[in-house]
Trainee: 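Have a look at this one.
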Amino acid sequence: LHDYSRRLEWDTLLHEARLTRGHSAAGPGATSLCVGRPWFGLIGIETRYLTFRPAEIAAVEMINRPPFFARFAASIRHQDNADGSTIIYKLQFTARPGWLRWILHPVMLLQLEQETRRRLRALARFLEAGTAQPGDKN
């Protein structure tokens with residue numbers, strides 16, 4: 001999930017995904033850049049990991065100022081249940097410019113929710129197909 005050399009193998013939203021600012025692995029303080037596919041305007045969001053415990057939780061916050069986003073943060077939590085694993089993804093953002101927020105926020109939220117469901121289904125297929133390496137925890 002946080003292996004940027006393999007991220008594009010499953011992530012349906014991204015055109016580019018890489019670690020930035022000299023970081024070579026995900027972890028607290030590491031930064032990454034994720035650029036959306038063309039139909040999402042090739043918008044690049046650079047984030048910093050706030051929390052990272054492999055196979056448990058990761059949380060990031062946006063550190064750049066891409067178009068349409070004043071703020072962005074997300075977390076992903078992994079839980080093992082009797083039925084298998086569950087992933088809980090939460091995001092929070094503020095649209096910009098502020099004077100258009102009333103229309104941008106609901107449209108962006110709808111798009112992000114739909115794409116998040118698509119991405120998580122693609123991740124599940126990727127993991128179920130066995131394309132992840134044995135012992136991978138991130």
Side-chain angles (χ1 to χ4, degrees):
L1 179 61
H2 302 281
D3 179 348
Y4 287 82
S5 69
R6 300 193 67 197
R7 182 81 177 256
L8 299 180
E9 292 179 38
W10 63 268
D11 200 319
T12 59
L13 173 65
L14 300 182
H15 168 74
E16 178 183 350
R18 62 184 167 85
L19 293 164
T20 60
R21 303 181 188 212
H23 294 98
S24 58
T31 57
S32 67
L33 177 66
C34 292
V35 179
R37 293 194 185 270
W39 59 86
F40 286 100
L42 294 171
I43 293 173
I45 295 181
E46 189 174 15
T47 60
R48 174 180 296 114
Y49 279 88
L50 303 172
T51 303
F52 184 72
R53 292 191 302 272
E56 190 178 331
I57 188 169
V60 297
E61 68 177 348
M62 184 178 77
I63 58 174
N64 65 338
R65 284 194 42 89
F68 306 110
F69 288 92
R71 291 183 345 175
F72 178 87
S75 67
I76 189 161
R77 181 177 298 274
H78 312 261
Q79 294 179 338
D80 288 325
N81 303 321
D83 305 2
S85 292
T86 298
I87 293 178
I88 300 166
Y89 181 81
K90 294 184 180 182
L91 67 92
Q92 183 178 53
F93 72 95
T94 303
R96 72 177 177 108
W99 62 275
L100 281 177
R101 194 168 291 143
W102 65 275
I103 189 68
L104 286 176
H105 187 87
V107 170
M108 291 169 69
L109 180 60
L110 179 64
Q111 286 298 120
L112 287 167
E113 286 175 340
Q114 289 176 346
E115 189 56 35
T116 297
R117 282 191 289 278
R118 187 176 296 120
R119 293 168 86 190
L120 292 177
R121 283 192 303 268
L123 175 60
R125 285 191 303 271
F126 177 77
L127 295 172
E128 288 167 1
T131 40
Q133 299 299 313
D136 280 357
K137 296 205 178 225
N138 58 354

Trainee: Please collect all salt bridge (Lys or Arg N to Asp or Glu O under 4.0 Å) contacts where either partner lies in residues 36-46, sequence neighbours excluded, each pair once.
Mentor: Arg21-Glu46
Trainee: With a 3.5 Å cut-off and no angle check, do the side chains of His2 and Tyr49 form a donor-acceptor pair?
Mentor: yes
Trainee: For the OG1 atom of Thr20 and the CZ atom of Arg48, what is their distance to the nearest 0.5 Å?
Mentor: 9.0 Å
Trainee: Does atom CZ of Arg101 have more than 12 heavy-atom neighbours, drawn from other residues, nucleotides or ligands, at distances under 6.0 Å?
Mentor: yes
Trainee: What distance do Thr86 atom OG1 and Gln79 atom CD have between them, rounded to the nearest 0.5 Å?
Mentor: 6.5 Å
Trainee: Does any non-hydrogen side-chain atom of Leu1 lie less than 4.5 Å from one of Trp10?
Mentor: yes
Trainee: Any side-chain to backbone donor/acceptor pair from Arg96 onto Arg65? Under 3.5 Å, distance only.
Mentor: yes
Trainee: Please determine whether residues Tyr89 and Ile45 belong to a single hydrophobic cluster, defined as Ile, Leu, Val, Met, Phe, Trp and Tyr linked transitively by side-chain heavy-atom distances below 4.5 Å.
Mentor: yes
Trainee: To the nearest 0.5 Å, what is the distance between CE (Met108) and CD1 (Ile103)?
Mentor: 12.0 Å
Trainee: Would you say Leu110 and Phe69 are hydrophobically clustered, going by side-chain heavy atoms of ILVMFWY under 4.5 Å?
Mentor: no
Trainee: Which heavy atom of Ala25 sits nearest a heavy atom of Ala30, and at what distance?
Mentor: O-CB, 3.4 Å
Trainee: Between Ala55 and His78, what is the shortest heavy-atom contact and its length?
Mentor: O-CB, 3.5 Å
Trainee: Considering all heavy atoms of both residues, which atom of Pro97 and which atom of Leu104 are nearest to each other, and what is their separation?
Mentor: CD-CD1, 3.9 Å
Trainee: Are the side chains of Leu14 and Arg119 in touch, meaning some heavy atoms are under 4.5 Å apart?
Mentor: yes
Trainee: I'd like to know if the side chain of Arg71 and the backbone of Phe93 have a donor-acceptor N/O pair within less than 3.5 Å.
Mentor: no
Trainee: Hydrophobic clustering (ILVMFWY, side-chain heavy atoms < 4.5 Å, transitive) - are Val35 and Val60 grouped together?
Mentor: no
Trainee: May I ask whether Phe72 and Leu42 are part of the same hydrophobic cluster, defined by side-chain heavy atoms of I, L, V, M, F, W, Y residues being less than 4.5 angstrom apart, directly or through others?
Mentor: no
Trainee: Quick one: does Ser32's side chain get under 4.5 Å of Thr47's, heavy atoms only?
Mentor: yes
Trainee: About how many Å separate CG of Leu112 and NE2 of His105, when rounded to the nearest 0.5 Å?
Mentor: 9.0 Å
Trainee: For the CZ atom of Arg118 and the CG atom of Asp11, what is their distance to the nearest 0.5 Å?
Mentor: 11.5 Å
Trainee: Would you kindly confirm whether Leu33 and Leu50 end up in one hydrophobic cluster when ILVMFWY residues are joined by side chain heavy atoms under 4.5 Å apart?
Mentor: no
Trainee: Atom CZ of residue position Phe68 - does it have more than 12 heavy atoms of other residues, nucleotides or ligands inside 6.0 Å?
Mentor: no
Trainee: Nearest 0.5 Å, what's the OG1-CD distance between Thr116 and Gln114?
Mentor: 10.0 Å
Trainee: Ala122 and Thr12: which non-hydrogen atoms are nearest, and at how many Å?
Mentor: CB-CG2, 3.7 Å
